[in-house]
Amino acid sequence: MIQNFHRMISDTLGISEKQINQTLGLLNDGATIPFISRYRKEMTGGLDEVQIEAIQTQYEKLNETAKRKETILSTIQEQGKLTSELQKRIEETWDNTILEDIYLPYKPKRKTRAEAARQKGLEPLATLLMLQREPHPKDRAADYVKGDVKDVEDALKGARDILAEHVSEDERARNTVRSSFARQGVLTAKVVKGKEEEAAKYRDYFDCSEPLKRCSSHRLLAIRRAEAEGLLKVSISPNDEECVERLERQFVRSNNACGQQVAEAVQDAYKRLLKPSIETEFAAQSKERADEEAIKVFAENLRQLLLASPLGQKRVMGIDPGFRTGCKVVCLDAQGNLLHNENIYPHPPVNKPKEAFAKLQKMIESYKIDAVAIGNGTASRETEDFLKRQVFNREIQVFVVSEQGASIYSASKIARDEFPEYDVTVRGAVSIGRRLMDPLAELVKIDPKSIGVGQYQHDVDQTKLKKSLDQTVENCVNLVGVNLNTASSHLLTYISGLGPQLAQNIVNYRAENGAFASRKELMKVPRMGAKAFEQCAGFLRIPQARNPLDNTAVHPESYCIVEQMAKDLGCSVAELIAGKELRLKINPERYLSPTVGMPTLKDILQELDKPGRDPRGPIKLFEFDKNVRTINDLRTGMELPGIVGNITNFGAFVDIGIKENGLIHLSQLAERYISDPNEVVSIHQHVRVKVLSIDTDRKRIQLTMVGVPQEGI
């Protein structure tokens, strides 16, 4: 069976059975996806995280289907209806739709109309009608008028109910209706009477109708959300007449009175049983596809956000701006520790700019601040302007940082544990400052759904969404690697092989024994076994470690290779890392072995070239247009600088420095045809845009990048 799984996964994904076999072996042995993709390339044939995750997902799906088949077989067996042919068919079927169709006639049901008719003894009459040979079915039906059967019409109705159920459970009939839904199914949405005002934001769908196969995922999710809120009535329907005709061709074989009874049963079967059943099936399938697309978009946005450029270990001032309540200011050291906090009131109604400047000057001087991070919420532009108008004794860089989710973090248990003696405003400002220093380390503390880069994230399958986002966070954290001596327990949780308990044990060990001097010292952490060490060590960095390899992505299991390279060249490991000329003399083929192949050796040499290199690019300063503060300042044709804040499959939302974000539709991102916005833009990218249209009432701004030069952004 398992070998079968490997072949099926291979056919589905186009990956060799050998690669699948090796990958599943590693996963079943407790290896994580980041570890396998980084350190076991020889075994997997160089599969990346996406391919490994796809193998894992397919394997889980097949296991679920196998369990379902066991349930089906045992249920039919208990009924005494399991023939060898039926068993063979079930065992050979891996399509869930076909499997459920096979099972449907045997599936235990609540009391149906057909079941009630059978209990009245009307099954022989139904069989007689289906044969369609009896010229006078009413006469034969009279024989069944007894007990609960009131009259001839009641007998015929009961027989038709049995026939209708038989038609609805027939595999061929179900596939007939299914093919009609697939070819011509139309999704229709209408506003619920009297809810027009309440449903105003869904007005595009008040009376809409489009082929289901052409309905985009974001439209479908919006329609389904409105339906769940009780604002729209939604249906999916094929051509009813054509469906009934096709079914009648299958079941009605006579023009006599029996044939008419069967035709009536077919019409009832379609309207009452088949159509609702297949409509539910297509509604679920289309929703599942839309969910998958939305989750994919969200995961990619999250990946880009987590891998945003960090400022690095600099002394930062974080400002959570505000008008009435003032601006909350915090000063952080290069490790992100809180040194000081206070409020300033540079804006109306309090309006104390001179006092605010004096306080800022003193803090910048006292704490040797290198950069300022301002949250992009209320009073952000005004606070940025205020800072840029001042002349400080030190040169400082001013950045505007997304504060999406900062309020969620500041009220969370993680924030309370970090800063038990401070209120939510201080914690929020700290989060803003730390996001500038290292977005990844700070954003992992927030539920990804609160970061503001999703598309209908509350409407999709929450289990699948969580799994995808957790895997994305884990991949990003391990791609970058973390400083073992400064990482929070929450950040360490995402490192390959570490869970919450081991992560906390590392932090506790650090608190009791001081900084780790080497990766080897990790083995002294309580509950750190050889397997966990193998999985995590390569992703943990120790700057200034005695062994320079401890601050690289070279895994401890490969240290001996680097040491041999250095020995062969007559130098130390440190000299090898420092000397490019020395590294050029290395012939990697000399170090091949049964367990170490060229992929690992290439990775090692690449790492020695740029030890501990952060894959994230350098951070860039950005300025909005000074003349644009509200939507009323916008004019059609105006060109503006902006920052991409969110990407959906229909376009990108851009922050142009006002409360409302503008939308660049997919068709306006480039002059050429593109199917995915990620081909052109990424989260936090600096762009230049032109205003196409402004809808002040609906607060909608349409932008374009077509024909707008992007140089110098």
Side-chain angles (χ1 to χ4, degrees), residues 26 31-32 34-46 48 312-313 477-487 492 495-498 506 509-510 513-525 528-616:
L26 287 163
T32 67
F35 175 81
I36 296 168
S37 69
R38 182 73 176 81
Y39 296 114
R40 292 295 179 263
K41 288 178 179 173
E42 283 84 353
M43 289 184 74
T44 68
D48 62 23
Q313 293 196 328
V477 171
N478 289 285
L479 174 69
V480 173
V482 306
N483 184 332
L484 179 56
N485 287 321
T486 59
L492 287 167
I495 286 291
S496 165
L498 302 180
I506 288 172
Y509 180 91
R510 216 165 56 194
N513 303 282
F516 285 87
S518 70
R519 280 171 168 168
K520 205 181 286 183
E521 199 183 334
L522 274 164
M523 291 303 290
K524 294 180 181 176
V525 172
M528 176 68 75
K531 186 74 188 174
F533 178 81
E534 176 198 60
Q535 294 296 307
C536 74
F539 304 106
L540 298 168
R541 311 272 185 271
I542 306 174
Q544 287 85 49
R546 216 170 18 252
N547 185 341
L549 294 175
D550 281 348
N551 193 36
T552 71
V554 177
H555 197 283
E557 68 189 8
S558 299
Y559 283 8
C560 57
I561 299 168
V562 183
E563 285 157 7
Q564 188 61 50
M565 288 173 175
K567 189 179 173 186
D568 292 347
L569 291 165
C571 66
S572 68
V573 169
E575 286 166 339
L576 182 64
I577 291 172
K580 188 175 182 181
E581 296 301 318
L582 285 167
R583 292 195 302 277
L584 289 172
K585 294 177 186 175
I586 296 170
N587 175 11
E589 289 185 9
R590 282 185 62 187
Y591 304 97
L592 288 167
S593 73
T595 54
V596 179
M598 202 50 82
T600 294
L601 291 168
K602 279 183 179 172
D603 281 349
I604 289 170
L605 291 173
Q606 202 176 350
E607 192 59 28
L608 295 180
D609 269 341
K610 293 179 179 173
R613 179 182 67 89
D614 192 323
R616 300 170 290 180

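This is a predicted model, so every value here is computed, not measured. Computed over heavy atoms, backbone and side chain alike; hydrogens, waters and symmetry mates excluded.
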At what distance, to the nearest 0.5 angstrom, does NZ of K520 lie from CZ of F533? 8.5 Å
Separation between NE2 of H555 and CD of Q535, rounded to the nearest 0.5 Å: 7.5 Å
What's the shortest heavy-atom distance between P556 and G538, and which atoms? CD-N, 4.3 Å
Mind checking what makes salt bridge (charged side-chain N to carboxylate O under 4.0 Å, His left out) contact with R613, not counting sequence neighbours? none
Gap between atom CD1 of I36 and atom CG of L26 - 0.5 Å precision: 5.0 Å
Cut-off 3.5 Å, no hydrogens considered: what does the side-chain donor-acceptor table look like for residues 568-577, sequence neighbours left out?
{"unit_1": "D568", "atom_1": "OD1", "unit_2": "Q564", "atom_2": "NE2", "d": "2.9"}
{"unit_1": "D568", "atom_1": "OD2", "unit_2": "R590", "atom_2": "NH2", "d": "3.3"}
{"unit_1": "D568", "atom_1": "OD2", "unit_2": "Y591", "atom_2": "OH", "d": "2.7"}
{"unit_1": "S572", "atom_1": "OG", "unit_2": "E575", "atom_2": "N", "d": "3.1"}
{"unit_1": "S572", "atom_1": "OG", "unit_2": "E575", "atom_2": "OE1", "d": "3.4"}
{"unit_1": "E575", "atom_1": "OE1", "unit_2": "S572", "atom_2": "N", "d": "2.8"}

Could you check T600 against I604 for side chain to side chain contact (heavy atoms under 4.5 Å, CB included), going step by step and ending with a plain yes or no? CA-CA 6 Å; T600 294; I604 289 170; 3.9 Å; yes
Which residue pairs pass the side-chain hydrogen bond (donor to acceptor under 3.5 Å, both in side chains) test when at least one of the two sits in residues 537-554, sequence neighbours left out? D550-Y559
What distance do L608 atom CG and D603 atom CG have between them, rounded to the nearest 0.5 Å? 11.0 Å
Side chains of Y509 and E521: donor-acceptor distance under 3.5 Å anywhere? yes
R510 and N485: side chain to side chain contact (heavy atoms under 4.5 Å, CB included), yes or no, with the steps? CA-CA 7 Å; R510 216 165 56 194; N485 287 321; 4.0 Å; yes
For L549 and R519 the tightest heavy-atom approach is O-NH1, 3.3 Å
Does any non-hydrogen side-chain atom of S558 lie less than 4.5 Å from one of V596? no
Is it true that R38 and E557 have a side-chain N and a carboxylate O under 4.0 angstrom from each other? no
Counting only N and O atoms by type, is there a donor-acceptor contact under 3.5 Å from the side chain of T32 to the main-chain atoms of F35? yes
Euclidean distance, I586 CD1 relative to L605 CG, rounded to 0.5 Å: 5.0 Å
Given V477 and F539, is the side chain to side chain contact (heavy atoms under 4.5 Å, CB included) satisfied, shown in steps? CA-CA 9 Å; V477 171; F539 304 106; over 6 Å; no
Within the side chain of N478, is there an N or O that forms a donor-acceptor pair under 3.5 Å with the backbone of S496? yes
Roughly how far apart are I495 CD1 and C536 SG, rounded to 0.5 Å? 8.0 Å
Go through the steps for M598 and E42 under the test side chain to side chain contact (heavy atoms under 4.5 Å, CB included), then give the verdict. CA-CA 8 Å; M598 202 50 82; E42 283 84 353; over 6 Å; no
Give a yes or no on whether the backbone of V554 and the side-chain of E607 come within a donor-acceptor separation of less than 3.5 Å. no
